[in-house]
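Just the heavy atoms: all of them, side chains too, but no hydrogens, waters or symmetry mates, feed the values below.
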Amino acid sequence: METLRKGSTEAATAPPVAVKQIPQAEPPHPRSMPWLVAGLMVMTAAFLVLAILTVLPRLRPSEPVRLLDQTMATWDSGTPSSFAAIYARDAVVVHADGTKVTGLAEIVADAKAAGADFTMVRTGDVSVTHSGSYAAATFRYTGAGRGSGLLVIQIVDGEITHQWSYALP
């Protein structure tokens with residue numbers, strides 16, 4: 001029994017053994033930090049603005065592109081008022097064979113001579129000089145013959161002053 005007492009006194013006098021405690025659990029951190037979400041939102045907004053700035057000019061054509069398209073529509077219609085809206089009074093039209101047509105009245109008469117079934121359709125992009133004073137585009141035509149060609153216009157103060165039509169049958 002003595003040994004038991006001895007053991008019990010030894011156990012009572014022995015230094016306490018350090019028990020490792022499990023650390024307190026921290027609240028879970030979300031995988032997406034607020035700064036990361038904010039950064040992604042800013043980048044998304046920047047890309048949307050860039051996309052809008054890229055697409056907007058294509059949706060709203062420049063003045064030379066609009067004038068060139070209106071020129072082709074005007075030759076289709078052949079009405080004097082549509083010619084007066086885009087051509088200068090002393091405008092000059094030069095055809096592929098070198099024929100020059102000068103003045104608004106002669107240009108309207110030249111368009112009517114092409115026939116009522118004459119149509120022009122732009123087939124490619126419009127090339128515009130840096131200053132915006134010249135524009136060119138390829139086209140197809142039907143009516144008084146069929147073919148394709150290149151239309152070049154010179155623009156001064158929002159009106160067409162010269163037009164060169166290089167049409168191939």
Side-chain angles (χ1 to χ4, degrees), residues 15-96 104 107-108 111 114 116-143 145-169:
V17 177
V19 178
K20 281 191 173 184
Q21 295 226 345
I22 298 175
Q24 189 72 15
E26 293 182 22
H29 294 290
R31 290 186 81 143
S32 57
M33 303 291 177
W35 60 268
L36 180 62
V37 172
L40 287 173
M41 288 174 63
V42 167
M43 285 179 56
T44 302
F47 283 125
L48 282 173
V49 168
L50 183 62
I52 289 170
L53 291 176
T54 303
V55 170
L56 190 62
R58 293 184 184 269
L59 296 176
R60 191 179 52 184
S62 66
E63 183 66 16
V65 172
R66 186 193 64 73
L67 254 174
L68 195 129
D69 285 341
Q70 194 171 356
T71 300
M72 291 187 188
T74 298
W75 279 83
D76 288 350
S77 72
T79 60
S81 60
S82 60
F83 279 96
I86 60 171
Y87 283 89
R89 287 187 169 279
D90 58 346
V92 177
V93 173
V94 181
H95 292 289
L104 198 53
I107 293 172
V108 171
D117 57 342
F118 180 79
T119 59
M120 291 176 77
V121 177
R122 181 164 55 104
T123 58
D125 290 336
V126 176
S127 296
V128 179
T129 58
H130 184 67
S131 64
S133 56
Y134 289 91
T138 56
F139 66 92
R140 274 190 335 255
Y141 70 93
T142 58
R146 302 186 94 144
S148 61
L150 174 70
L151 182 69
V152 180
I153 58 172
Q154 180 183 15
I155 304 161
V156 176
D157 297 328
E159 292 181 321
I160 298 171
T161 57
H162 286 84
Q163 173 181 317
W164 297 267
S165 298
Y166 303 103
L168 302 172

Residues Y134, I155; criterion side-chain contact (heavy atoms from CB on, under 4.5 Å); working and verdict: CA-CA 6 Å; Y134 289 91; I155 304 161; over 6 Å; no
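- Taking OG1 of T161 as the reference point, atom CD of Q154 lies at 3.5 Å (rounded to 0.5 Å).
- Under the side chain to side chain contact (heavy atoms under 4.5 Å, CB included) criterion, T79 pairs with S77, S81, S82, not counting sequence neighbours.
- In this structure a side-chain-to-backbone donor-acceptor pair under 3.5 Å is missing from S165 to L151.
- Ring centroids of Y141 and W75 are separated by 6.0 Å or more, keeping the two rings apart.
- You'll find the side chain of R122 stays beyond 4.5 Å of the side chain of T138, heavy atoms only.
- Taking 4.5 Å as the limit, some side-chain heavy atom of L68 sits within range of a side-chain heavy atom of M72.
- Atom CZ of R140 has 12 or fewer heavy atoms from other residues, nucleotides or ligands within 6.0 Å.
- Using cut-offs of 30° and 60° on the angle between ring planes, the pair H162 and W164 is parallel.
- Annotation for V108 and G78: closest pair CG1-O, 4.2 Å, computed over non-hydrogen atoms.
- Between the CG atom of L67 and the CD1 atom of I160 there is a distance of 5.0 Å, given to the nearest 0.5 Å.
- With rounding to the nearest 0.5 angstrom, the CD atom of E159 is 12.0 Å from the CD1 atom of I153.
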Criterion side-chain contact (heavy atoms from CB on, under 4.5 Å) on Y87 and I107, from CA distance to verdict: CA-CA 9 Å; Y87 283 89; I107 293 172; 4.2 Å; yes
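- Closest approach of T54 and L50 over heavy atoms only: OG1-O, 2.8 Å.
- In this structure, the side chains of D117 and T142 stay at 4.5 Å or more apart for every pair of heavy atoms.
- For the pair V126 and A137, the tightest heavy-atom approach, listed with the atom from each and the gap, is CG2-CB, 4.0 Å.
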Stepwise side-chain contact (heavy atoms from CB on, under 4.5 Å) test for Q163 and T71: CA-CA 10 Å; Q163 173 181 317; T71 300; 3.5 Å; yes
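- M120 CE to T74 OG1: the interatomic distance, rounded to the nearest 0.5 Å, is 10.5 Å.
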